[in-house]
Amino acid sequence: MKEIDINPWLQIIHTKMKAMHTGNSSIREYGSTNHAEFLAVVTEFFFESPEKMKLEHPELYQKLDEFYNPKRRSKNPPKDPREVKSALMN
């Protein structure tokens with residue numbers, strides 16, 4: 001994930017976590033515990049119910065698809081893979 005992609009990704013995470021925490025999401029509420037659990041829960045959803053996620057959470061689906069299917073992304077990967085981790089840890 002390029003640095004330029006981190007802020008939109010974090011915005012999606014925070015919006016989805018808030019909806020999950022208030023029970024207004026089809027994503028399991030446990031994913032609103034912290035960023036690591038969010039990634040675990042949405043990853044499970046992405047792989048187990050891709051069509052449902054694509055329909056109900058298209059922007060999140062697209063970001064996860066870019067993350068898990070990097071060949072579909074730009075040919076320029078980040079220079080330092082810690083970029084994403086450090087952004088999510090803040």
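Glu29 meets the side-chain hydrogen bond (donor to acceptor under 3.5 Å, both in side chains) test with no other residue; sequence neighbours excluded. For Phe38, there are no ring pair (Phe, Tyr, Trp, His ring centres under 6.0 Å) partners at least two apart in sequence or on another chain. For the side-chain hydrogen bond (donor to acceptor under 3.5 Å, both in side chains) test, no residue two or more places apart in sequence or in another chain qualifies with Asn7. Qualifying side-chain hydrogen bond (donor to acceptor under 3.5 Å, both in side chains) partners for Thr15, counting only residues two or more places apart in sequence or in other chains: Gln11.
Side chain to side chain, Thr33 and His21 fail the donor-acceptor criterion of an N or O pair below 3.5 Å.
The distance from atom NZ of Lys18 to atom CG of Asn24, rounded to the nearest 0.5 Å, is 10.0 Å. The distance from the CG atom of Leu64 to the CZ atom of Phe45 is 10.5 Å, given to the nearest 0.5 Å. With rounding to the nearest 0.5 Å, the separation of OH in Tyr68 from CZ in Phe46 is 8.0 Å.
Using cut-offs of 30° and 60° for the angle between ring planes, the Phe67 and Trp9 rings count as parallel.
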Side-chain atoms of residues 47-55: list all donor-acceptor pairs with protein atoms under 3.5 Å, sequence neighbours left out, distances to 0.1 Å.
none

For this session: Apply side chain to side chain contact (heavy atoms under 4.5 Å, CB included) to the pair His57 and Ser26, showing each step before the final yes or no.
Result: CA-CA 9 Å; His57 307 279; Ser26 59; 2.8 Å; yes
For this session: Begin from the C-alpha positions of Lys16 and Ile12 and carry the test side chain to side chain contact (heavy atoms under 4.5 Å, CB included) through to its verdict.
Result: CA-CA 6 Å; Lys16 295 296 180 179; Ile12 292 169; 4.0 Å; yes
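Glu56 CD: more than 12 foreign heavy atoms inside a 6.0 Å radius. For Tyr30, the OH atom sits in a loose shell: 12 or fewer heavy atoms of surrounding residues, nucleotides or ligands are nearer than 6.0 Å.
Met20 and Ser32 make their closest contact through CE-N, 3.4 Å (heavy atoms, listed as atom of the first residue, atom of the second, distance).
Annotation: salt bridge (Lys or Arg N to Asp or Glu O under 4.0 Å) contacts involving residues 31-46, sequence neighbours excluded, comprise Arg28-Glu44.
Contact check for Val42 versus Ile13: no side-chain heavy atoms found under the 4.5 Å cut-off.
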